[in-house]
**Q** 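I have a structure here, written as structure tokens, and I will follow up with some questions on it.
Quick caveat: nothing in here was measured; it's all calculated off a predicted structure.
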Amino acid sequence: GPNDPFGYVLGHEAMKRMQTSNVLVSGLRGLGVEVAKNLVLGGVKSVTLHDPEPASWSDLASQFYLREEDVGRSRAEATLPRLAELNSYVAVSSSREPLSQELLGTFQVVVLTNSPLEEQLWVGDFCHSHGIKLVVADTRGLFGQLFCDFGEDMVVSDANGEQPLSAMVSMVTKGCPGEVTCLDEARHGFESGDFVTFTEVEGMEELNRCGPVEIRVLGPYTFSIGDTSGYGDYVRGGIVSQVKMPKHIHFKRLRDALAEPELLVTDFGKAERPPVLHRAWQGLHRFLRQHGRAPRPRHQGDAAEVLALTKEVAAGAELDEELVRELAFQATGDLAPVNAFIGGLAAQEVMKAVSGKFTPITQWLYFDALECLPEENRDTLLTEEQCRPRNSRYDGQIAVFGAELQAKLGAQKYFVVGAGAIGCELLKNFAMVGLGCGPEGSVTVTDMDTIEKSNLNRQFLFRPWDVTKLKSERAAAAAREMNPALRVCSRTDRVGPDTERVYDDDFFEGLDGVANALDNVDARLYMDRRCVYYRKPLLESGTLGTKGNVQVVIPFLSESYSSSQDPPEKAIPICTLKNFPNAIEHTLQWARDEFEGLFKQPAENVNQYLMDPKFLERTLRLAGTQPLEVLEAVQRSLVSDRPRAWPDCVAWACRHWHRQYSNNIRQLLHNFPPGQKTNSGTLFWSGPKRCPHPLVFDPDNPLHLDYVVAAANLFAQSYGIVGSRDRAAVAELLRHVRVPPFAPKAGVRIHVSDQELQSASAALDDGRLEELKASLPSPEELPGFRMFPIDFEKVGAACPAPTPPPPPLGSKLIAGKIIPAIATTTAAVVGLACLELYKLVQGHRRLSSYKNAFLNLALPFVGFSERGLVPPRPCPPSVEWTLWDRFEVQGLQPDGREMTLRQFLAYFKKEHRLEITMLSQGVSMLYSFFMPAAKLRERHDQPMTEIVTRVSKKKLGRHVKALVFELCCNDDSDADIEVPYVRYTIR
């Protein structure tokens with residue numbers, strides 16, 4: 001559906017409430033349109049745009065749906081058609097009539113942006129007394145403000161959006177309170193105050209009939225519950241599951257919350273600022289009311305007056321006067337990144353208000369990013385003259401940073417890697433701030449993907465008519481439409497080792513920075529290595545539902561992206577997947593493995609067998625029993641299971657259903673009968689081992705028939721056979737399928753654990769291998785034949801395990817390892833990333849100026865930390881080096897000849913007092929102290945590039961300007977030391 005990402009994150013019931021909600025967004029400058037855009041993408045029922053004011057030139061700085069020809073027109077009317085294109089399922093309308101109680105009464109939520117305090121107060125009174133939810137948002141330069149009032153008693157159905165936890169029970173004591181012990185395979189993860197229910201408990205069966213009970217955590221595997229002294233004796237088993245309980249939250253109306261504020265702290269390094277800003281904003285509103293205008297940029301008199309008015313509000317409370325003055329200086333500032341951040345948060349709060357999903361902000365949030373201002377000489381760089389309006393689209397940005405930074409932004413050359421959700425937001429912000437919009441600037445965006453319909457709900461630069469077109473081309477065109485001065489170039493080349501001829505030394509050396517918009521770790525690590533090598537700053541950001549993070553990499557100052565990585569995902573044991581699944585994650589991973597083992601890997605192997613003469617030779621060299629497994633799969637695909645027509649595919653699907661959901665389970669129960677006990681006397685089927693039950697095929701069962709139809713069509717597709725979705729016809733074909741009766745096999749060993757599996761000696765049956773090779777048709781016998789591998793489509797699949805079914809959206813997330821990108825989080829994250837861009841362009845050199853950001857809009861949580869300092873490493877004599885350092889060696893000598901290996905070794909001995917013991921380039925060993933003497937004599941007087949070419953057996957492309965050498969060295973004391981790599985320049 002059009003709102004799938006929000007459906008993944010919010011859930012079905014919350015989305016239904018969203019889709020019945022009418023929202024008014026008042027104020028259509030940059031912040032208001034950010035909120036409206038996110039709400040339209042999110043899928044509320046309707047959004048009404050309210051703004052009676054005409055568009056001005058300064059609006060173009062951040063109102064990305066206004067064009068130059070819209071100046072003078074109503075903001076709301078000019079914005080409406082472009083917003084309405086985003087989601088045809090959301091009714092978007094506009095209104096120019098003044099705000100009134102009659103107008104407000106038709107909405108479930110009202111959003112006020114850039115609104116006078118007097119208007120906020122009467123609207124707040126009316127909304128609170130009539131059960132209408134209210135969000136107030138405002139931005140002023142590098143400052144942001146957000147307020148929420150969701151009524152006297154808001155009910156939150158799910159405070160954090162996380163999947164409910166569950167654990168397997170190993171013991172429950174009788175007592176007051178009773179204590180529950182969980183299996184020690186994994187920590188239970190519960191917290192005191194959580195509510196849980198029990199199922200499948202044997203003996204103390206009263207627990208299965210209890211409603212949700214509150215727990216107190218005693219340890220990582222234990223917790224206490226209520227009085228169990230009157231229950232039966234615990235025998236075995238049981239699953240304990242977390243239950244999300246409704247949470248009631250009381251909100252004050254705006255007038256009362258203004259006097260007694262609850263403040264959410266976002267940056268604990270600035271924990272003292274929110275109370276000051278709460279008063280300063282009121283002082284600013286008093287100035288606006290008295291003068292009918294905002295304080296002028298960097299105007300000392302206006303700032304002094306705002307400070308005096310704030311002191312009246314503070315009534316003796318302590319103030320940071322410099323902070324108040326800075327808010328006054330920036331009161332006319334309008335920055336797209338700040339609007340994106342506050343707009344993302346505000347839209348998510350609206351969704352919380354109407355859906356009851358996630359914890360709302362209670363009730364004030366204040367934000368500032370003053371570290372974006374110049375680190376030194378601020379008073380001389382930011383003067384009233386520098387920051388005065390110029391009747392330019394960038395006036396809102398010039399008011400904050402001055403005209404000089406605007407020129408620097410225009411001259412920047414940036415590389416955006418990826419044009420998905422984050423890439424679209426980056427390009428929008430770059431266009432708004434004027435990055436690469438000058439005659440010397442440029443923005444290059446690359447993405448090899450084409451636009452799919454499912455992209456439209458979060459990649460907001462695309463429209464329905466863009467489907468099937470290239471992402472990078474359409475994103476570049478859309479960004480250029482927002483700012484015709486944007487010098488953006490689109491490419492479709494994937495970044496990686498195979499495109500280093502495209503993105504070569506000249507390309508990277510001409511850049512000022514890189515912004516990643518990638519969705520996989522491998523590509524991120526590759527771009528990180530390229531940025532470290534070329535010493536370019538990197539903006540790295542990512543999202544996962546309501547969670548997001550921003551990381552900035554600064555050459556010679558910070559760690560790189562790869563300096564710290566998340567721990568790897570916990571792998572599911574193979575034996576658990578195959579025979580003893582006990583959680584939905586196990587069954588869905590089994591289904592994914594099953595899919596690829598049936599419809600992808602065999603087809604790929606068959607095509608390699610038919611096209612690659614060395615396929616058999618390579619396969620026979622594989623470790624363990626892999627040669628046998630691969631050749632058996634090829635033999636099945638080409639001989640025993642190969643279909644000739646559609647009925648063969650239906651027959652295969654039916655027999656496969658019986659194998660997986662009946663025969664294999666019956667064999668498992670033959671080996672391990674339900675009542676079998678272990679050597680210790682406990683039941684084999686207990687604890688994490690849940691006893692399965694074989695199924696009986698029923699063509700009248702819709703689920704059974706669905707499986708056969710899907711499997712038969714996939715099987716047919718992999719052979720290029722036309723399938724059919726005619727269920728009645730498939731059911732008729734099934735009547736003629738003969739399924740051999742099952743008989744348990746003796747001597748079949750089923751491994752109980754991965755340790756047992758690894759210790760089992762799997763001898764390769766050479767006779768069976770020869771038999772398989774002989775049975776395979778030669779490639780010459782199958783001219784023109786090929787198979788069609790099918791990539792996993794992230795659809796749910798059945799698994800023969802007794803686990804409760806998950807919601808369909810949950811299945812997709814787990815099985816497909818989908819990372820749902822939602823517009824609110826993406827906007828907020830990219831807004832924070834672009835604030836770091838301001839610092840990079842100005843050349844900030846204090847590490848404390850840069851911020852890593854972490855947010856979870858569901859909690860809500862926004863946190864900042866300073867970048868990690870790049871750790872130095874010792875390198876004698878008395879020199880420290882970091883990941884940004886390297887040895888620079890000029891390969892060409894003054895006489896035009898290239899350095900030989902002998903000269904290279906001597907250079908390091910003389911210049912760095914290092915004796916090279918080993919020298920490599922990539923996987924090629926060029927020199928080592930233990931090489932045969934004859935080979936050393938041969939290489940000593942050869943040029944370095946000649947040695948590289950001979951050893952690697954690869955020619956150096958003309959695009960290669962330098963080579964990277966890795967060294968092992970000894971110092972003067974003959975000690976082995978770690979040294980940086982060598983950049984050896986050859987052109």
**Q** Okay, side chain of Y414, backbone of V514: is any donor-acceptor separation there less than 3.5 Å?
**A**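 Absent.
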**Q** Measure across L857 and L345 and return the closest heavy-atom pair with its distance rounded to 0.1 Å.
**A**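 Heavy atoms only, the tightest pair is CD2-CD1, 3.7 Å.
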**Q** Is the shortest distance from a Lys or Arg side-chain nitrogen in D791 or K600 to a carboxylate oxygen in the other one below 4.0 Å?
**A**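 A salt bridge is present here (some side-chain N lies under 4.0 Å from a carboxylate O).
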**Q** Donor-acceptor pair, distance only, cut-off 3.5 Å: does the side chain of D395 make one with the backbone of S392?
**A**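 Checking the backbone N and O of S392 against the side chain of D395, a donor-acceptor pair under 3.5 Å is found.
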**Q** In the structure I gave you, are the side-chain heavy atoms of W57 and E68 within less than 4.5 Å of one another anywhere?
**A**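 Sidechains of E68 and W57: in contact.
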**Q** For A36 versus L49, what's the shortest heavy-atom pair and its separation?
**A**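 Result for this residue pair: CB-CD2, 3.8 Å.
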**Q** Give the intermediate values and the outcome of side-chain hydrogen bond (donor to acceptor under 3.5 Å, both in side chains) for residues D528 and S562.
**A** CA-CA 7 Å; D528 180 63; S562 55; 2.7 Å; yes
**Q** Run E540 and V552 through side-chain contact (heavy atoms from CB on, under 4.5 Å) and show every step you take.
**A** CA-CA 6 Å; E540 174 62 62; V552 58; over 6 Å; no
**Q** Tell me whether T446 contacts the main-chain N or O of D493 through its side chain, where contact means a donor paired with an acceptor under 3.5 Å.
**A**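 Side chain of T446 to backbone of D493: a pair is present.
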**Q** Evaluate F507 against F415 for ring pair (Phe, Tyr, Trp, His ring centres under 6.0 Å), listing each step before the verdict.
**A** CA-CA 10 Å; F507 175 81; F415 186 27; 4.9 Å; yes
**Q** Got Y503 and R491 here, is their nearest side-chain heavy-atom distance under 4.5 Å?
**A**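 They are in side-chain contact.
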**Q** Thinking salt bridges, do D512 and K413 make one under a 4.0 Å N-O criterion?
**A**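 Not counted as a salt bridge, because no side-chain N and carboxylate O are separated by less than 4.0 Å.
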**Q** Assess whether atom NZ of K453 is packed by more than 12 heavy atoms of other residues, nucleotides or ligands within 6.0 Å.
**A**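 Not more than 12 within 6.0 Å, no.
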**Q** Is the number of heavy atoms from other residues, nucleotides or ligands within 6.0 Å of CD (E604) greater than 12?
**A**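 Correct, the count exceeds 12.
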**Q** Decide yes or no for L83 and V47: does some side-chain heavy atom of the first lie under 4.5 Å from some side-chain heavy atom of the second?
**A**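 Result no, sub-4.5 Å side-chain heavy-atom pair not found.
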**Q** Which of these passes side chain to side chain donor-acceptor pair (under 3.5 Å) with N339: N114, T113, T139?
**A**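 With N339 as partner, N114, T113, T139 yield a single side chain to side chain donor-acceptor pair (under 3.5 Å), made by T139.
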**Q** Find the distance between CE (M527) and OH (Y561) and round it off to the nearest 0.5 Å.
**A**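 Atom-to-atom, M527:CE and Y561:OH are 12.5 Å apart.
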**Q** Rounded to the nearest 0.5 Å, how far does CE of M482 lie from CZ of R393?
**A**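 Going from CZ on R393 over to CE on M482, the span is 10.5 Å.
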**Q** Using 4.0 Å as the upper bound for N to carboxylate O, is an ion pair formed by R73 and E77?
**A**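 No.
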**Q** Less than 4.5 Å apart, any side-chain heavy atom of F460 and any of F64?
**A**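 When only atoms from C-beta onward are counted, F64 and F460 do touch, with a gap below 4.5 Å.
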**Q** Taking NZ, NE, NH1 and NH2 as the nitrogens, is one of them in D334 or R29 under 4.0 Å from a carboxylate oxygen of the other?
**A**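 Result for this pair is yes, salt bridge flagged.
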**Q** Considering all heavy atoms of both residues, which atom of A479 and which atom of A431 are nearest to each other, and what is their separation?
**A**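 A479 and A431 have their closest heavy atoms at O-CB, 3.7 Å.
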**Q** For residues V443 and G436, report the shortest heavy-atom separation together with the two atoms involved.
**A**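 Where V443 meets G436 most closely, the heavy atoms are CG2-CA, 4.4 Å.
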**Q** Go through it in stages, so that I can follow the logic: the residues are L835 and V338, the test is side-chain contact (heavy atoms from CB on, under 4.5 Å), and I'd like the CA-CA distance, side-chain angles, deciding distance and then a yes or no.
**A** CA-CA 8 Å; L835 288 175; V338 178; 3.9 Å; yes
**Q** Taking the side chain as everything from C-beta on, heavy atoms only, tell me whether C834 gets closer than 4.5 Å to F430.
**A**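 With C-beta onward as the side chain, the pair touches.
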**Q** Do Y394 and S58 pair up side chain to side chain, a donor and an acceptor below 3.5 Å, judged on atom types alone?
**A**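 There is no such pair between these side chains.
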**Q** May I ask you to decide whether K851 forms a salt bridge with E836, counting only side-chain N to carboxylate O separations under 4.0 Å?
**A**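 The answer is no: the pair does not qualify as a salt bridge.
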**Q** Answer yes when E85 and R463 have at least one side-chain N-carboxylate O distance shorter than 4.0 Å, and no when they do not.
**A**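 Salt bridge present between E85 and R463.
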**Q** I need the E425 CD to S541 OG distance, nearest 0.5 Å.
**A**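 One gets 10.0 Å once the value is rounded to the nearest 0.5 Å.
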**Q** Provide the closest heavy-atom pair for L855 versus A828 in the form atom of the first, atom of the second, distance.
**A**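 Distance-wise, the nearest heavy atoms are CD2-CB, 4.3 Å.
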**Q** With distance as the sole test, does N856 use its side chain to make a donor-acceptor pair with the main-chain N or O of A858 at under 3.5 Å?
**A**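 Judged by distance alone, yes, a pair lies under 3.5 Å.
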**Q** With no hydrogens and no angle check, is any side-chain donor or acceptor of N429 less than 3.5 Å from a backbone partner on L426?
**A**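 Not a single qualifying donor-acceptor pair exists.
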**Q** If you round to the nearest 0.5 Å, how far is CD1 of I451 from CD of E473?
**A**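 That separation rounds to 9.0 Å.
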**Q** Would you kindly check if the NZ (Lys) or CZ (Arg) of K471 is within the cone defined by 45 degrees around the ring axis of F462 and under 6.0 Å from the six-membered ring centre?
**A**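 Ring-cation test returns no.
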**Q** Give the intermediate values and the outcome of side-chain contact (heavy atoms from CB on, under 4.5 Å) for residues N713 and R725.
**A** CA-CA 8 Å; N713 274 280; R725 296 284 178 181; 4.1 Å; yes
**Q** Would a distance-only check, ignoring hydrogens and angles, find a side-chain to backbone donor-acceptor pair under 3.5 Å from N455 to E452?
**A**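 Confirmed, N455 side chain pairs with E452 backbone.
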**Q** Would the distance check show the side chain of D466 and the main-chain N or O of K469 forming a donor-acceptor pair, the cut-off being under 3.5 Å?
**A**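 The answer is no, because no donor-acceptor pair under 3.5 Å joins these two groups.
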**Q** Between N483 and C437, is any pair of side-chain heavy atoms under 4.5 Å apart?
**A**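 Side-chain contact under 4.5 Å: yes.
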**Q** Do D506 and K961 meet the salt-bridge criterion of a basic N to acidic O distance under 4.0 Å?
**A**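 Looking at D506 together with K961, the answer is yes, because their closest N to O distance falls below 4.0 Å.
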**Q** Can you measure from CG (L435) to OH (Y838) and round to the nearest 0.5 angstrom?
**A**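 Separation between the atoms: 10.0 Å.
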**Q** Is the CZ atom of R480 crowded by more than 12 outside heavy atoms at less than 6.0 Å?
**A**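 Yes, the 6.0 Å shell around CZ holds more than 12 heavy atoms from other groups.
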**Q** Counting only heavy atoms not in E509, do more than 12 sit closer than 6.0 Å to its CD atom?
**A**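 It does: E509 CD has more than 12 such atoms within range.
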**Q** Please report the C-alpha distance between N852 and N549 in whole Å, then the side-chain angles of each, then the deciding distance to 0.1 Å, and finally whether the side-chain contact (heavy atoms from CB on, under 4.5 Å) criterion is met.
**A** CA-CA 7 Å; N852 280 353; N549 71 281; over 6 Å; no
**Q** Using a 3.5 Å distance criterion without hydrogens, assess whether the side chain of Q397 forms a donor-acceptor pair with backbone atoms of V433.
**A**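 Present.
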**Q** Less than 3.5 Å apart, any donor N or O on the side chain of T79 or Q63 sitting next to an acceptor on the other?
**A**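 Judged by distance alone, the side chains do pair up.
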**Q** Name all residues meeting the side chain to side chain donor-acceptor pair (under 3.5 Å) criterion together with T48; count only those two or more places apart in sequence or in a different chain, and write none if there are none.
**A**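 Testing T48 for side chain to side chain donor-acceptor pair (under 3.5 Å), a comparison that skips the adjacent residues, returns S93.
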**Q** Would you confirm whether the ring centroid of F367 sits within less than 6.0 angstrom of the ring centroid of F341?
**A**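 Aromatic pair counts; centres sit under 6.0 Å.
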**Q** Taking N87 for its side chain and V40 for its backbone only, find out whether a donor-acceptor pair lies under 3.5 Å.
**A**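 Present.
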**Q** Tell me, with the steps shown, if K428 and E34 meet salt bridge (charged side-chain N to carboxylate O under 4.0 Å, His left out).
**A** CA-CA 11 Å; K428 178 257 289 182; E34 276 286 355; 2.2 Å; yes
**Q** Less than 4.5 Å apart, any side-chain heavy atom of Y65 and any of P81?
**A**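 No, every pair of side-chain atoms sits at 4.5 Å or beyond.
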**Q** How many angstroms lie between OG in S558 and CD in Q551, if you round to the nearest 0.5 Å?
**A**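 Answer for the OG-CD pair, S558 versus Q551, is 7.5 Å.
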**Q** Hey, does C372 have a side-chain heavy atom less than 4.5 Å from the side chain of L335?
**A**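 Sidechains of C372 and L335: no contact.
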**Q** Do R530's NZ or CZ and the ring of F508 fall within the cation-pi criteria of under 6.0 Å and 45°?
**A**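 Yes, R530 and F508 form such a contact.
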**Q** Looking only at heavy atoms, which two atoms of V416 and L427 are closest? And how far apart?
**A**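 Smallest heavy-atom distance, with atoms named: CG2-CD2, 4.2 Å.
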**Q** Check R82 with D70, please: is the shortest side-chain N to carboxylate O separation under 4.0 Å?
**A**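 So D70 pairs with R82 through a salt bridge.
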**Q** Given the rule in the ring pair (Phe, Tyr, Trp, His ring centres under 6.0 Å) test, do F599 and F788 qualify, once you have shown the distances and angles that lead to the verdict?
**A** CA-CA 8 Å; F599 308 119; F788 303 91; over 10 Å; no
**Q** Tell me if a side-chain donor or acceptor on R75 pairs with a main-chain N or O of E53 at a distance below 3.5 Å.
**A**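 Side chain of R75 to backbone of E53: no pair is present.
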